[in-house]
There are 2 protein chains.
Amino acid sequence: MNTNGNDATGTIGATKTSFGIVEHIRDHDASGVSEIANDLGISKSTAHNHLKTLAELGYVVRQGDEYALGLKFLDLGDHARTRHALYHASIGEMDDLVEAVGERGQVMVEENGRGVYIYQVKSEQGLQTDSHIGTTVDLHTTSVGKSYLAFCDEERRREILDGELTRLTTKTIDDRDALEAELATIRERGYAFNDEERITGMRAVGAPILSDDETILGAISVSGPTTRMKGEWYHTEVPEMVTQAARVIGIRATYS
Amino acid sequence: MNTNGNDATGTIGATKTSFGIVEHIRDHDASGVSEIANDLGISKSTAHNHLKTLAELGYVVRQGDEYALGLKFLDLGDHARTRHALYHASIGEMDDLVEAVGERGQVMVEENGRGVYIYQVKSEQGLQTDSHIGTTVDLHTTSVGKSYLAFCDEERRREILDGELTRLTTKTIDDRDALEAELATIRERGYAFNDEERITGMRAVGAPILSDDETILGAISVSGPTTRMKGEWYHTEVPEMVTQAARVIGIRATYS
DNA sequence: GCGTTTTGTTCGGGCAGGCCGAACGAGTGT
DNA sequence: ACACTCGTTCGGCCTGCCCGAACAAAACGC
């Protein structure tokens, strides 16, 4: 009766429920035993045992009658992104870029067919964040993602894009052929625009990060509201700054 | 039938090994199946099943014949620290403090009796060394930790300090009474020094972050080499800047 | 080139241990 | 004081975790 998710053979059910609990806590900031048991469809005692184990390991912490995520995940997350050469290479350069442009900047890598932001620099005009560090996005809906798709292996691109292209706004490119055409122009000129394709009212300029003219490491972008991202500045000056920064970061990433 | 004397009853073994594997990968940057099985004392097939599960969940990623940490941990880690009001409150203010002082700054909270850095600002003189985000330290060996101990509940302090005081350098305060005396002076003047008590050649100035004169949220500090951290500037000017910043952060943390 | 020794992977069987349901105890609110 | 819900504990069934052995395949040594 209890088919724990997929019937993938040779897979550990207890681990799945443990991480299910962790994700439940993440999505609710803090959760209690009964709430978790109800939402995940497990018994209270099972939820209790998992939480006890996770607390003992230090991955969740009790506060009163609720459990919250422990900071051991912060350590794991830091190691996960430290692994990417792109992270170290982009730190200083991105700050300079954001200061020059005056809009928010972010660094993305691909994982499991989705884009993940591993670094973000907020600009002076403190627009509140909808995309934190670690957020995953559909590649075809962002300037970083399109930059990545335009410059990665053809077979890899096919793997990623074989599913449906989800549509987030009226301007999202959800047609496969139109996307390929867009990627071709991006590949030609070396950078990508995003004109309200993910969030209405937001534009962005992105560029890929290439290590030694072959392998792609990720992509960077700067993004801001349409009220400020416009005109000649948006169409030529910003792309110039972004591609220049991307070049520098690519060089720094190769030698380290 | 539980003749096992440990109070580890009602605890999930599979979860423990899964996280053991994750931590092994963290400590080795990337690991293979056999290596993990050997080091953790489990069979190859078990390690394989755990890795398969973790990969399916997206918490580890394959690269060739090895596994590395997935960026889903980055998301979890970000949520773990976003939970702390101190994180948001200190972001802008710490950058200003670091720029004014010219040395590296960090923000710490306590978890499970140890200090965890949740934010860090590097200074212009850039050598980044040993303490990343998420690093845990012994409270009695740092200026942030001593600031925390000086201003937290007495019973909490007793819980934390009941064990041995590990000695990291020749100047580490490893005597309980001496530490209590030090904490008293810190409590009186409102800030703490660290004179090579954790790392030889490094000094620091720390101050607690109090929300509404009662509860302590954590602590902040600036740290640098003894060659630069010295004289009247180190003993009076820096503490003034640090405590001032701590006050501002404490106020910002209460109203948010 | 052929052994040899790795690697990762798959396959059954056995028994520990994860999961559940029910009962307990501690709060909280009415 | 009652009723409700919380977290926790306790037995027991039986699943599914763990292991060891066997298999595929790539990386050595000579």
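FYI, side chains are in, hydrogens and waters are out, and symmetry mates aren't considered; it's all heavy atoms of this structure. Chain identifiers are assigned alphabetically (A, B, ...) following the order of the sequence lines, protein sequences preceding nucleic acid strands; residue numbering begins at 1 within each chain.
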Output yes when at least one side-chain N/O atom of B:His48 is less than 4.0 Å from OP1 or OP2 of C:dT9, else no. yes

Can a donor-acceptor pair under 3.5 Å be found between the side-chain atoms of B:Ser34 and the base atoms of C:dG8? no

Spacing of A:Asp65 atom CG relative to D:dG7 atom P, expressed in whole Å: 5 Å

Would you indicate which nucleotide in C:dC19, C:dT9, D:dC18 comes nearest to any side-chain atom of A:Thr46? C:dC19

Hey, are A:Arg114 and A:Thr136 close enough side-chain-wise for a donor-acceptor pair under 3.5 Å? yes

Can you see whether A:Thr11 engages B:Thr53 through a side-chain donor-acceptor pair at a distance of less than 3.5 angstrom? yes

Measuring from the side chain of A:Val33 (C-beta onward, heavy atoms only), which nucleotide among D:dC19, D:dT8, D:dC17 has the closest atom? D:dT8

Of the listed nucleotides C:dG18, C:dT10, C:dC20, the one nearest the side chain of B:Lys52: C:dT10

Can you tell me which residue among B:Tyr67, B:Phe19, B:Phe73 is in a ring pair (Phe, Tyr, Trp, His ring centres under 6.0 Å) with B:Tyr59? B:Phe73

Would you kindly give the NE2-to-P distance between A:His50 and D:dT8, to the nearest whole Å? 15 Å

Nearest whole angstrom, please: distance from the P of D:dC17 to the CD1 of A:Ile12. 5 Å

Phosphate contact (D:dC19 OP1 or OP2) by B:Ser43 side-chain N/O below 4.0 Å: yes

Run the ring-ring contact (aromatic ring centres under 6.0 Å, His included) test against B:Tyr117 and tell me which residues pass, sequence neighbours left out. none

Dot-bracket for DNA chain D, please. Rules: Watson-Crick or G-U, both distances under 3.5 Å, ( ) within the strand, [ ] when a pair crosses earlier ones, | for another strand, . otherwise. |.|||.||||||||||||||||||||..||

Residues B:Ser18 and B:Thr15: side-chain donor-acceptor under 3.5 angstrom: no

B:Lys44 NZ to C:dT7 C1', in whole Å, measures 7 Å

What integer distance in Å separates A:Leu51:CG from C:dG18:C1'? 15 Å

Atom CD of B:Glu155 with >12 non-hydrogen neighbours under 6.0 angstrom: no

Take the protein atom CG of B:Leu40 and the nucleotide atom P of D:dC19, then report the distance between them rounded to whole Å. 11 Å

Whole-Å distance between C:dT7 C1' and B:Arg62 CZ? 11 Å

Taking B:Glu154 first and then B:Arg158, would you say they form a salt bridge - that is, a charged N and a carboxylate O separated by under 4.0 Å? yes

B:Tyr67 atom OH is separated from C:dT9 atom C1', nearest whole Å, by 10 Å

